[in-house]
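A short write-up of the structure that comes next.
What you see below is based on every heavy atom in this structure, not just the backbone, and it leaves out hydrogens, waters and symmetry mates. In this chain, residues are counted from 1 in sequence order.
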Amino acid sequence: MPTFSTTEPIIEVSVTHSDPLFVVDTTPYGRADIDCAVEALCRHPALAAPRGRRLAVCLRDSFQWLALCLYLKAEGGSVLPIHPGTPLEAARALARETGCDFLLHGDDATLEPLPSEAEQQIIEPAPGGELIQLSSGTTGRPKTITRAWTTIDRELDSYVAGFVEADGLTPIVACPVTHSYGLICGFLAGLRRGVVPRVVTNLNPRFILGTLRDHPEHLLYAAPTLVSLLVRMLPSGQGFHTVMLSGAALPAPLLETLNARAQRVCQQYGCSEVGCIAIAPRAESPGLMGRPLAHLSVTAGRAGKSPEEIRVAVEGGRTIATRDLGYLDKQGQLHFLARLDDTINVAGINVYPGDVEDAFLRHPQVVEAVAFKRPDPYAGERVCLQFVAREPLDTEALRRWSRERLSPHQVPMVLEQVEYIDRLPNGKVSRHRLAQAHAGAEVAANAETAAESSQVREATP
């Protein structure tokens with residue numbers, strides 16, 4: 001790719017409607033459009049010769065980002081994709097923390113050099129370039145994850161070969177293509193299959209449902225929260241073809257509803273360090289994650305025995321500890337139970353939050369529920385539950401209702417109705433953060449009660 005002067009204006013992209021490689025919302029883009037967009041961005045010398053550089057990208061134009069991503073992957077560049085809704089100062093901080101040399105941002109695609117921090121170690125990118133990501137942050141501060149493009153190519157080969165149910169379907173990618181789920185599994189895997197992915201950035205549910213209706217043989221990639229909204233809004237005469245779930249197990253009642261409205265519901269399991277680990281071409285239960293991909297070696301507990309941490313052996317002799325609890329059944333399929341940190345140990349008996357949540361979500365008035373733990377001087381830990389309901393509920397009556405559906409050690413000690421459940425920016429729930437917030441509120445309440453008691457004693461003659 002030639003080097004362009006930094007004064008050259010950005011070339012306006014002309015859309016080629018013949019032979020599109022992918023579509024963003026309703027606009028198709030072909031090879032000529034990609035070349036044109038890349039040529040415009042290569043007015044920056046650092047982009048014209050990206051090998052050996054680390055680039056952070058925060059662009060609102062998804063087509064521009066995807067065109068650049070394909071170019072960097074081919075040219076051996078390293079890139080950190082940042083969600084386009086991230087404020088500029090936060091994007092700068094992320095870029096510096098991950099050792100990036102430049103940040104590309106703004107509607108005018110400004111390339112900003114990043115001054116190296118004195119204490120920051122110089123990071124050499126992998127030969128051939130790499131994709132830089134951040135972990136979800138559900139169990140602590142997000143970690144920087146780097147994966148070589150060659151490793152991602154192996155994942156793509158294995159993913160496409162192991163998910164033949166997707167052949168011939170149109171991927172509808174209604175999740176961020178700055179995240180590996182949307183970028184690798186939705187977008188790049190679609191290109192690898194030779195189909196035309198449709199990337200949806202207009203997240204109005206009616207627009208998404210219209211896109212699905214216009215492409216009846218579709219494969220929808222979306223977060224569980226969006227899928228739960230879409231299935232509630234789905235017109236009576238319309239159904240889903242194939243839906244892929246990832247990121248969090250769908251509650252059992254919602255999964256049952258979705259299976260009734262879709263020809264096929266799939267589920268995949270993975271982590272930032274490895275990418276996709278397993279795929280279930282039919283999600284018959286929330287924890288069923290399917291058979292591990294062929295290029296990976298996965299160990300966990302065994303059916304009928306104690307579950308164990310899911311571990312994945314990758315190239316180079318490394319083993320990734322996922323911090324997830326699960327087991328492999330007799331057919332070699334992986335089952336996920338809970339995050340290790342989220343498992344609640346009540347008097348030596350493990351309680352998995354999903355089991356508790358599924359029970360409460362079967363109550364006709366409860367629409368959301370999240371279970372978490374708190375210390376208990378007698379049982380070690382106890383179950384707590386926050387829930388959202390259609391109307392105010394009597395928590396004691398709700399607890400009595402739950403005793404008919406849960407074992408005694410699963411019944412929440414604390415039931416709290418809230419207007420909404422706090423979530424991380426990625427849409428996931430951090431049970432650890434909920435537990436900390438609940439503990440902090442309890443400490444504050446106890447301190448206030450103690451202060452009031454002290455004032456009463458001082459005022460008593």
L230 side chain near L209 side chain, heavy-atom distance below 4.5 Å:
yes

I need the T151 OG1 to H295 NE2 distance, nearest 0.5 Å.
8.5 Å

Does F207 offer a backbone N or O that forms a donor-acceptor pair with the side chain of T211 under 3.5 Å?
yes

Is any side-chain heavy atom of V79 closer than 4.5 Å to a side-chain heavy atom of I132?
no

Grab the two heavy atoms, one from L361 and one from A369, that are nearest each other, plus how far apart they are.
CD2-N, 3.9 Å

Starting from the C-alpha separation in whole Å, work towards a yes-or-no answer on side-chain contact (heavy atoms from CB on, under 4.5 Å) for L212 and Q238.
CA-CA 9 Å; L212 297 174; Q238 185 179 346; 4.3 Å; yes

Can you find a pair of side-chain heavy atoms, one from L203 and one from I208, that are under 4.5 Å apart?
yes

Rounded to the nearest 0.5 angstrom, the CG-SG distance for L59 and C69 is 11.5 Å

Does any non-hydrogen side-chain atom of F387 lie less than 4.5 Å from one of Q365?
no

How many angstroms lie between atom CG of L337 and atom CD of E308, to the nearest 0.5 angstrom?
11.5 Å

Minimum heavy-atom distance between L55 and C100, given as atom pair plus value
C-SG, 4.0 Å

Run the salt-bridge test on E368 and R423 with the 4.0 Å N-O cut-off and return the result as yes or no.
yes

Without swapping roles, check the side chain of T110 against the backbone of G106 for a donor-acceptor pair under 3.5 Å.
no

Answer yes or no: is there a donor N or O on one side and an acceptor on the other, between the side chain of T343 and the main chain of R339, under 3.5 Å?
yes

Strictly by modelled atom types, are Y352 and Q410 linked by a side-chain donor-acceptor pair under 3.5 Å?
no

For E391, I'd like to know if atom CD has over 12 heavy atoms of other residues, nucleotides or ligands within 6.0 Å.
yes

Can you tell me if T322 uses its side chain to pair, donor with acceptor, with the backbone of R311 under 3.5 Å?
no

Just so I know, are the side chains of D107 and D61 near enough to count as touching, which here means a heavy-atom distance under 4.5 Å?
no

What's the verdict on salt bridge (charged side-chain N to carboxylate O under 4.0 Å, His left out) for E112 and R92, showing C-alpha distance, side-chain angles and the deciding distance?
CA-CA 9 Å; E112 178 180 324; R92 287 189 180 115; 2.6 Å; yes

Any Lys/Arg nitrogen of R54 or E130 sitting under 4.0 Å from an Asp/Glu carboxylate oxygen of the other?
yes

Between R147 and E273, is there a side-chain N and carboxylate O pair less than 4.0 Å apart?
no

Residues forming a side chain to side chain donor-acceptor pair (under 3.5 Å) with D214, sequence neighbours excluded:
none

Interatomic distance, R291 atom CZ to L334 atom CG [nearest 0.5 angstrom]
11.0 Å

Please determine whether salt bridge (charged side-chain N to carboxylate O under 4.0 Å, His left out) holds for the pair R431 and E357, giving the CA-CA distance in whole Å, both sets of side-chain angles, and the decisive distance to 0.1 Å.
CA-CA 12 Å; R431 294 183 174 87; E357 294 159 3; 2.7 Å; yes

Check the orientation of F22 and F63. Use parallel for under 30°, tilted for 30 to 60°, and perpendicular for over 60°.
tilted

All N/O donor-acceptor pairs, side-chain side in residues 173-192, below 3.5 Å, sequence neighbours left out:
from: H179; atom 1: ND1; to: Y181; atom 2: N; distance (Å): 3.1
from: S180; atom 1: OG; to: Q133; atom 2: NE2; distance (Å): 3.4
from: Y181; atom 1: OH; to: A222; atom 2: N; distance (Å): 3.4
from: Y181; atom 1: OH; to: A222; atom 2: O; distance (Å): 3.4
from: Y181; atom 1: OH; to: M244; atom 2: O; distance (Å): 2.9
from: R192; atom 1: NH1; to: D157; atom 2: OD1; distance (Å): 2.4
from: R192; atom 1: NH2; to: D153; atom 2: OD1; distance (Å): 2.9

Is the side chain of D358 donor-acceptor paired with the backbone N or O of P251 at a distance under 3.5 Å, no angle test?
no

Could you walk me through whether L258 and L250 satisfy the side-chain contact (heavy atoms from CB on, under 4.5 Å) test, starting with their C-alpha distance in whole Å, then the side-chain angles of each, then the deciding distance to 0.1 Å, before giving a yes or no?
CA-CA 10 Å; L258 183 58; L250 209 62; 3.9 Å; yes

With the side chain counted from C-beta on, respond yes when V243 and L245 share a heavy-atom pair under 4.5 Å apart, and no when they do not.
yes

Rounded distance [0.5 Å steps], CD in Q386 versus CD1 in I421:
6.0 Å

Full working for side-chain contact (heavy atoms from CB on, under 4.5 Å) between K373 and C384
CA-CA 6 Å; K373 61 188 172 185; C384 300; over 6 Å; no

Least distance between heavy atoms, N202 atom then V200 atom:
O-CG1, 3.2 Å

Please report the closest heavy-atom contact between L296 and V314, naming both atoms and the distance.
CD2-CG1, 4.2 Å

Between Y71 and D35, is any side-chain donor less than 3.5 angstrom from a side-chain acceptor?
no

Taking E256 first and then R261, would you say they form a salt bridge - that is, a charged N and a carboxylate O separated by under 4.0 Å?
no

Spacing of L103 atom CG and L80 atom CG [to the nearest 0.5 Å]
9.0 Å

Could you check whether D101 pairs with R53 (Lys NZ or Arg NE/NH1/NH2 to Asp/Glu carboxylate O, under 4.0 Å)?
no

Check whether any side-chain N or O of D25 sits under 3.5 Å from a backbone N or O of T201 as a donor-acceptor pair, and report yes or no.
yes

Any donor-acceptor N/O pair, H218 side chain to H241 backbone, under 3.5 Å
yes

E75 side chain vs A49 backbone, donor-acceptor pair below 3.5 Å
no

Does a side-chain heavy-atom distance below 4.5 Å link L219 with F163?
yes

Do L66 and V199 come within less than 4.5 Å of each other through their side chains, counting heavy atoms only?
yes

Any idea which heavy atoms bring S158 and A294 closest together, and the distance?
OG-N, 3.2 Å

May I ask you to check whether H432 and D342 show a side-chain donor-acceptor distance below 3.5 Å?
no

Could you go through M289 and Q267, starting from their C-alpha distance and side-chain angles, then the distance that decides it, and tell me whether this counts as side-chain contact (heavy atoms from CB on, under 4.5 Å)?
CA-CA 6 Å; M289 298 299 163; Q267 194 156 240; 3.7 Å; yes

Taking side chain to side chain donor-acceptor pair (under 3.5 Å) as the test, write out the residues that go with N350, two or more places apart.
none

If only side-chain N and O atoms count, and only distance matters, is there a donor-acceptor pair under 3.5 Å linking H215 with R198?
yes

Of all heavy-atom pairs linking F372 and A435, the shortest is CD1-CA, 3.7 Å

